[in-house]
Number of protein chains: 2
Amino acid sequence: MNVATQATTHHGIREAIRARIVAGEWELGELIPGEADFAAQYACARTTVNRALQALAREGIVERKRKGGTRVRPLPLPQALLRIPIIRAEVEAMGQTYDHRIMRRERSIAPGEVAKRMQLAQNHELIHLETLHLADGHPFAFERRWVNPATVPEFEGADLTAISANEWLIRTVPFSRGEASLSAVSADADLARALEVAQGAALFTLERATWFDAQSVTFTRLHYHQGYRLNFEL
Amino acid sequence: MNVATQATTHHGIREAIRARIVAGEWELGELIPGEADFAAQYACARTTVNRALQALAREGIVERKRKGGTRVRPLPLPQALLRIPIIRAEVEAMGQTYDHRIMRRERSIAPGEVAKRMQLAQNHELIHLETLHLADGHPFAFERRWVNPATVPEFEGADLTAISANEWLIRTVPFSRGEASLSAVSADADLARALEVAQGAALFTLERATWFDAQSVTFTRLHYHQGYRLNFEL
DNA sequence: AACATGATTATGTATGCACATATTACCTTG
DNA sequence: CAAGGTAATATGTGCATACATAATCATGTT
């Protein structure tokens, strides 16, 4: 066999080795040949094998340690690249018209839970925003957001009719890091009214807290309309 | 400033460039210096800069094109590495005792929706399995699974008391690829009884279909107990 | 037997070079 | 002026080499 997928490109070799692993040439947890061996087998430089094996390690297919070589992961770790959708793009990808409506916008004291998620002191004043995202005029998602004016003072006067708060913040504080969580939430009376679903409906929910440097930027809770699914590949 | 994070390692340079991007040295969408320029600035080889910039491209910080150079992503793409938890490990990580109980195990015709998700012909016979996962004896998640005996004939006689069906399949068909989706589902009568929650409770749900080569292996629908959250970092 | 020590080894990484490839920019030609 | 071809250019990639680093293994000493 041993049909080279490509010539001797690093990702040709990556696929060749992947195929051999998938075919079960080595047991789970077993040591596979060293870089030098593969280099000889495929008649290429060790550098090239190194790139291939590092890629497989990133994917969770193999485990590598300095001395002790490379081994097939005992249990391949189930990980996937999750692309968090931008609502506008998501709606437009379905061929529908995106729009959003700001339901509420005010300064208020951060609720205890929100302050905790943003790692702020109690009684911190935040800008609270409630937005309804629409697809072809129908409710698509409901967003509750708290923005820290200490970090983004310009937000107070921002015009959010053309672009959403999300896009405004991304443009203003582009490279903030964050934590997110996914969950299922029952629609309370407010949510049910806003999203036009029955009270108690199960809503897919995405929460996100973001920081720039050590400064809290924003915390969002996004409730999608009933029946929403977030798809991805493993 | 220009304080080198590390000597001239590719990931030292990666962080140095990332810092400059985050600090706003270049506009969103703006062209940043070429590999050769950076190599001169940091007194290292172009190869090293190449690795650094490729890593930033993988992260979604920059965009690169063959001629036309490297530019800061207009909108940094919100992506995250999602590690899909293995239930046993998840429960044990909370310091609780994991256990599972098989509620049902039978051969049956695949329901239409399941057959579709597994890309099988109608009236295909599958092994249907219902498992309740327990944490310290309390319901943690309820799993409905269909396994294709054409792909994994040994599954029929597998002993699923020691290890769960999930782990059995991972060990037997380790490197299968798949599609997954996350959603929120209302507990029906069966689910409510099994998970000991009120009927209509919002349940976080993970569906997964996996294939080995072109052969369908299994389709699972996993409903977590009320209040479950899946956390990850951005 | 326990422990410190150094040799060995596999991966990690930097470098200089050459060539491949995609895409833009420009210039020629009808 | 438009169409088309060609040169210039930035990234992509392979290779040979050298050295760095971490972990293991064997060795020898107390």
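Here is the naming used below: chain letters follow the sequence lines, and residue numbers restart at 1 for every chain. Remember, predicted model here, so these are calculated numbers, not experimental data. Hydrogens, waters and symmetry mates play no part in the numbers below; they use all other heavy atoms, side chains included.
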Using modelled atom types and a 3.5 Å cut-off, is there a donor and acceptor pairing between side-chain atoms of [X] and backbone atoms of [Y]?
{"X": "B/Asp159", "Y": "B/Thr161", "result": "yes"}
{"X": "A/Arg71", "Y": "A/Gly29", "result": "yes"}
{"X": "B/Asn148", "Y": "B/Ser216", "result": "yes"}

Rounded distance (Å) that lies between atom [atom2] of [N] and atom [atom1] of [X]:
{"X": "B/His10", "N": "C/dT15", "atom1": "NE2", "atom2": "P", "answer": "11 Å"}
{"X": "B/Arg64", "N": "D/dT9", "atom1": "CZ", "atom2": "P", "answer": "18 Å"}
{"X": "B/His11", "N": "C/dT11", "atom1": "NE2", "atom2": "C1'", "answer": "15 Å"}
{"X": "B/Glu63", "N": "D/dA10", "atom1": "CD", "atom2": "P", "answer": "18 Å"}
{"X": "B/Arg14", "N": "C/dG12", "atom1": "CZ", "atom2": "P", "answer": "14 Å"}
{"X": "B/Arg58", "N": "D/dT11", "atom1": "CZ", "atom2": "C1'", "answer": "15 Å"}
{"X": "B/Leu31", "N": "D/dT11", "atom1": "CG", "atom2": "P", "answer": "8 Å"}
{"X": "A/Tyr42", "N": "D/dG14", "atom1": "OH", "atom2": "C1'", "answer": "17 Å"}

Salt bridge between B/Glu143 and B/Arg208, side-chain N to carboxylate O under 4.0 Å?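 Salt bridge: no.
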Counting heavy atoms from C-beta on, name the nucleotide in C/dT11, D/dT13, D/dT11 closest to the side chain of A/Glu35.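 Ranking C/dT11, D/dT13, D/dT11 by closest atom to the A/Glu35 side chain puts C/dT11 first.
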Which pairs, with at least one residue in residues 162-183 of chain B and sequence neighbours excluded, count as a ring-ring contact (aromatic ring centres under 6.0 Å, His included)?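 Listed by first then second residue: B/Phe155-B/Trp168.
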Tabulate protein N/O versus nucleotide N/O from nucleotides 16-23 of chain D, keeping only pairs under 3.5 Å, one per line.
{"from": "D/dA18", "atom 1": "N6", "to": "A/Arg46", "atom 2": "NH2", "distance (Å)": "3.4"}
{"from": "D/dT21", "atom 1": "O4'", "to": "A/Arg66", "atom 2": "NH1", "distance (Å)": "2.8"}
{"from": "D/dT21", "atom 1": "O2", "to": "A/Arg66", "atom 2": "NH1", "distance (Å)": "3.0"}

Go through the structure and list residues passing salt bridge (Lys or Arg N to Asp or Glu O under 4.0 Å) with B/Glu90, not counting sequence neighbours.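 Here no residue qualifies.
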List for me each residue that meets salt bridge (Lys or Arg N to Asp or Glu O under 4.0 Å) alongside A/Glu59, sequence neighbours excluded, and say none if there are none.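 In terms of salt bridge (Lys or Arg N to Asp or Glu O under 4.0 Å), with neighbours along the sequence ignored, A/Glu59 is linked to A/Arg18, B/Arg177.
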[X] side-chain N/O to [N] phosphate OP1/OP2 under 4.0 Å:
{"X": "B/Asn50", "N": "D/dG12", "answer": "yes"}
{"X": "B/Gln54", "N": "D/dT11", "answer": "no"}
{"X": "A/Thr9", "N": "D/dG14", "answer": "yes"}

Would you jot down, in residue-number order, the residues of residues 69-77 of chain A having a non-hydrogen atom under 4.0 Å from DNA chain C?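 The answer is A/Gly69, A/Thr70.
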Suppose we screen for side-chain contact (heavy atoms from CB on, under 4.5 Å). Which residues come up paired with A/His100, at least two apart in sequence or across chains?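 For A/His100, the residues satisfying side-chain contact (heavy atoms from CB on, under 4.5 Å) (neighbours in sequence not counted) are A/Tyr98, A/Ile102, A/Thr131, A/His133, A/Ser164.
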Might you work through the side chain to side chain contact (heavy atoms under 4.5 Å, CB included) test for A/Val217 and A/Leu169, ending with a clear yes or no? CA-CA 9 Å; A/Val217 176; A/Leu169 283 167; 4.2 Å; yes
